[in-house]
Structure formats: C-alpha cells, structure tokens
Amino acid sequence: MSGKDVNTMKIAPKVWKNGEFINWDDANIHVMAHVVNYGSSVFEGIRCYETIEGPAIFRLTEHMQRLVNSAKIYRMDSAFSRDVFCDAAVELVSNSGLDSCYLRPLIFRGLDPEKPSFGVYGLNNPIESYIAAWQWGKYLGEEALESGIDVCVSSWTRITSNSMPAMAKAGANYMNSQLIKMEAILGGFSEGIALDDRGYVSEGSGENIFLVNGGKLITPPLGASILPGITRDSVIQIAREMGIEVIETSIQRSALYLADEVFFTGTAAEITPIRSVDRITVGTGKRGEMTARLQEEFFKVIKAERPAPNGAEWLTFINASGEKKTASA
Ligand code: PMP
C-alpha cells in the first residue's frame with residue numbers, strides 16, 4: 001500500500017483506531033467531544049528511521065509506556081495495553097508504504113452520541129485511542145543540526161507540577177508550549193526556553209535542554225517541570241558510555257549565556273545545537289565539539305550502525321511481513 005500525499009507530505013493511508021484500521025479521511029471526531037472543549041488528551045511522538053536493516057521504530061516500548069503513564073495520571077482507562085499499542089504501531093508502519101515516519105499515538109476523551117456528556121468532569125466520556133503516521137522532516141530545519149539555532153528565554157513560565165504535571169505528555173500542556181513557541185517565532189527566534197516557576201531553566205516548547213561546561217554535560221532535573229524525554233535519556237546513556245560526566249541540576253538563566261555549548265534534544269528535534277540565546281553567542285557560535293560527538297553516536301544508534309549503550313534494545317525493526325523483531329543493533 002502506498003502512502004497518501006497531501007501538499008507533498010507523505011501520510012500513512014490508514015489510522016489505527018481502538019483496535020482497528022480505518023482510512024485517514026475517516027479519522028474524525030465530533031466538535032463537542034470532551035477533548036475539543038477541555039483539552040483532555042495524552043499523546044506521544046515517535047520516530048521510525050530508515051536503517052540498513054529496513055525501517056525501525058526508536059524506543060517504541062519506552063514511548064508507549066510514557067503514553068500509558070500519561071493516561072494513568074489523568075485517569076484515562078484505555079482498553080489497550082502498552083504492548084497492544086506497540087504491536088499496532090508496527091502494523092501501521094509496515095502497511096504504510098513509508099520507509100521512515102513520525103508516529104502519533106493519541107488517547108483522548110470523546111463523546112458518546114447515545115449518552116452525551118458536555119461538562120468538565122470527563123469520566124463519563126468514552127476513551128478513544130488512535131495512532132497516525134506521516135513522513136516528517138527535520139523539525140527545526142535541515143540546516144539546524146549542523147549550524148545550530150537562535151533561541152530566546154521565554155517570558156512565559158513553564159507549567160508547574162502541582163497544576164499541569166509535565167511528567168504527563170498531555171495535549172493541554174502544549175497550550176503553554178504554544179505560547180512559548182509563538183513568542184519565539186514572532187520575535188525572530190527558532191525556539192523559546194521556558195524557566196520553571198522558581199526561575200531555573202526548564203526546557204524548550206518541545207525539547208529538553210543540555211549545557212556543556214568544562215567537558216561535563218549538565219541538564220535540568222525532572223523536578224524542573226520537564227517532560228522525561230526519551231532522547232534526553234538516550235543522550236545521557238550514550239554520554240555516560242563515552243565516559244562523559246552527566247549532572248542533573250538546577251540551571252540559572254545566565255548559565256545559558258556562559259556555557260561552552262548548549263543543545264536541545266527531542267524526538268522531533270533529535271540533537272539540535274543552539275548557537276545563541278537572547279542574541280548572546282553561545283561558545284563559538286557554531287555546533288560545539290561535544291554536541292557533534294554526541295550527534296554522531298546518536299545517529300549511528302538510530303540507524304542501527306552501532307549497538308545502544310549497555311546492549312539495550314532501542315530499535316524495533318519492521319520487516320516486510322509486518323512482524324516485529326527487537327535488536328540492540
Ligand atoms: N519536552 C517537551 C515539552 C516535549 O514536547 C518533548 C517532545 N516529546 C520533549 C521534551 C522531548 O521528549 P522526547 O525526547 O521523548 O521526544
């Protein structure tokens with residue numbers, strides 16, 4: 001089956017919905033669904049890479065675990081387990097006709113047409129589970145991975161764990177991210193960095209952040225209202241295996257300006273160097289040496305050119321018959 005082209009973007013022709021595959025064009029919901037009115041969704045973003053052994057989904061189990069964790073925090077009882085989501089993702093990719101793609105699993109509160117419920121209390125609304133996939137290029141631009149990007153510190157504060165837990169990847173969190181991103185783009189930057197409610201560095205609108213100082217890697221701890229990023233974890237593990245010391249600690253805004261190197265990590269952003277913050281040049285204003293080394297190792301892992309650290313299984317290969325196989329490389 002070949003993918004659908006919309007404005008040159010290749011899209012998987014099917015969408016997985018509650019255990020079945022439906023056509024992309026039929027994946028619609030009612031305007032009065034709970035999620036539309038109250039933002040009650042949790043989701044994931046996962047990349048499937050083209051490797052020397054065919055397409056492979058990166059850290060599928062960890063992403064689907066985070067999806068079910070996010071759903072649990074919001075008392076969303078999906079009828080489907082982590083492993084069912086994993087199998088569905090593999091089947092979707094294997095029938096998509098795409099060599100590489102971005103996967104978007106989504107769980108939300110919908111609307112029961114027989115017993116409609118319109119209030120904030122969502123526990124009487126049905127839980128809907130979907131996975132869609134499409135081909136998505138480099139999120140922050142092709143050039144960004146090499147040249148780096150210009151970012152600003154946002155005037156918006158990151159959501160706090162007592163109001164909107166950043167540990168859940170909830171759709172509503174991205175209202176905060178949208179404020180950060182819009183302000184950055186309209187101000188002539190590529191991305192914004194949010195500070196947490198204590199004034200310490202938190203993360204980008206859709207990325208975790210790392211600083212390099214004196215050969216050490218420094219990143220905000222989970223307590224800084226960050227999403228526990230899977231790319232963040234991958235970079236920490238790869239760095240430690242390379243003998244690089246990684247420190248998770250509170251970071252002041254001014255430390256961003258003085259760091260030797262700064263970079264973002266994320267499924268969409270991968271490892272993107274930051275060349276300036278608030279128009280202050282970071283380091284040499286180019287991709288730093290450690291950023292380049294980490295990128296090199298990370299890209300080898302995702303392309304199955306080297307094993308993941310500690311023999312972990314980070315790639316789920318999609319073979320032609322649609323069966324899955326996990327391997328460390
Ligand atoms: N923080 C936020 C707010 C994000 O949206 C993302 C992207 N999912 C990340 C961090 C990076 O997480 P991951 O590496 O798991 O994609």
Side-chain angles (χ1 to χ4, degrees), residues 39 41-49 57-70 73 82 85 89 101-107 131 136 138-140 144-145 149 151 153-154 156-161 163-184 190-197 200-210 217 219-239 246 248 251 262-272 274 294-295 298-299 301-302 308 312 314-315:
S41 69
V42 296
F43 70 101
E44 270 306 314
I46 310 174
R47 273 196 194 266
C48 174
Y49 288 102
I57 305 178
F58 185 63
R59 304 200 71 175
L60 176 61
T61 313
E62 291 88 338
H63 278 285
M64 292 307 190
Q65 184 62 51
R66 193 171 64 186
L67 178 73
V68 299
N69 290 353
S70 300
I73 291 171
R82 179 194 73 188
F85 277 108
C101 62
Y102 184 89
L103 288 137
R104 171 55 53 81
L106 189 56
I107 302 177
I131 312 176
W136 218 6
K138 303 296 177 196
Y139 180 63
L140 294 165
L145 291 177
I149 55 169
V151 309
V153 172
S154 184
W156 295 100
T157 298
R158 183 75 181 133
I159 50 173
T160 74
S161 61
S163 55
M164 303 272 287
M167 196 163 275
K169 192 168 167 66
N173 294 2
Y174 288 81
M175 292 303 273
N176 180 243
S177 289
Q178 286 177 57
L179 291 170
I180 296 162
K181 186 79 180 181
M182 289 188 291
E183 182 187 57
S190 296
E191 184 55 285
I193 299 167
L195 305 180
D196 68 14
D197 61 329
Y200 290 109
V201 173
S202 175
E203 60 182 347
S205 74
E207 308 85 8
N208 294 116
I209 192 165
F210 284 84
L217 214 45
T219 195
L222 297 186
S225 258
I226 63 166
L227 182 76
I230 289 162
T231 320
R232 173 185 183 275
D233 176 70
S234 306
V235 166
I236 290 174
Q237 290 197 47
I238 290 170
V246 184
E248 294 175 66
I251 298 169
V262 183
F263 61 86
F264 277 139
T265 63
T267 296
E270 296 171 317
I271 299 177
T272 299
I274 292 173
L294 289 166
Q295 276 183 333
F298 177 77
F299 286 124
V301 172
I302 60 174
W314 283 2
L315 293 171

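Residue numbers count from 1 along this sequence. Here the structure is a predicted model, which means the values were calculated and not measured. Atom set for the values below is all heavy atoms of this structure, side chains included, hydrogens, waters and symmetry mates excluded. In listed order, ligands and their atoms are each counted from 1.
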So which atom in [X] and which in [Y] form the shortest heavy-atom distance, rounded to 0.1 Å?
X      : Y      : answer
Ser225 : Ser202 : O-OG, 3.2 Å
Met167 : Leu227 : O-CD1, 4.1 Å
Ile209 : Thr219 : O-OG1, 2.6 Å
Ala239 : Val246 : CB-CG2, 3.9 Å

Quiz item: Which of the atoms of ligand 1 are close to Gly266, meaning less than 4.0 Å from one of its heavy atoms?
Solution: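 Reading through ligand 1 atom by atom, the close ones are 11 (C), 14 (O), 16 (O).
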Quiz item: Just which atoms of ligand 1 are under 4.0 Å from any heavy atom in Ser205?
Solution: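 Counting atoms of ligand 1 from 1, those under 4.0 Å from Ser205 are 3 (C).
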Quiz item: Which residues satisfy the ring pair (Phe, Tyr, Trp, His ring centres under 6.0 Å) test with Tyr102, sequence neighbours excluded?
Solution: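 Expected list: Trp134, Trp136.
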Quiz item: With sequence neighbours excluded, what pairs up with Tyr49 under the ring pair (Phe, Tyr, Trp, His ring centres under 6.0 Å) test?
Solution: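 Applying ring pair (Phe, Tyr, Trp, His ring centres under 6.0 Å) to Tyr49 gives none.
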Of all the heavy atoms in [X], does at least one lie under 4.0 Å from an atom in ligand 1?
X      : result
Glu270 : no
Glu44  : no
Ser234 : no

Quiz prompt | Distance-only N or O hit between ligand 1 and Ala268, under 3.5 Å | solution =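 In this structure, Ala268 places no N or O atom under 3.5 Å from an N or O of ligand 1.
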How far is [atom] from its nearest protein heavy atom, and which residue and atom is that?
atom                    : answer
atom 5 (O) of ligand 1  : Tyr174 OH, 2.4 Å
atom 1 (N) of ligand 1  : Glu203 OE1, 2.7 Å
atom 14 (O) of ligand 1 : Thr231 OG1, 2.6 Å
atom 12 (O) of ligand 1 : Gly229 CA, 3.4 Å
atom 7 (C) of ligand 1  : Gly206 O, 3.4 Å
atom 8 (N) of ligand 1  : Lys169 NZ, 2.8 Å
atom 16 (O) of ligand 1 : Thr267 OG1, 2.6 Å

With a 4.0 Å heavy-atom cut-off (strictly under), which part of [X] contacts ligand 1: side chain, backbone, both or neither?
X      : result
Arg158 : side chain
Ala269 : neither
Glu207 : backbone

Practice problem: Return yes if a side-chain donor-acceptor contact under 3.5 Å exists between Ser205 and Glu191, otherwise no. | Solution: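 On atom types as modelled, these side chains qualify, holding a pair under 3.5 Å.
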Quiz item: Near Met175 CE, under 6.0 Å, is it more than 12 heavy atoms from other residues, nucleotides or ligands?
Solution: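 For Met175, atom CE is not crowded (no more than 12 foreign heavy atoms under 6.0 Å).
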Quiz prompt | Student check: side-chain heavy atoms of Phe263 and Leu217 closer than 4.5 Å | solution =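 Yes, side chains in contact.
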Exercise. Give a yes or no on whether a salt bridge exists between Arg59 and Glu44, defined as a side-chain N under 4.0 angstrom from a carboxylate O.
Key: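 No salt bridge links Arg59 with Glu44.
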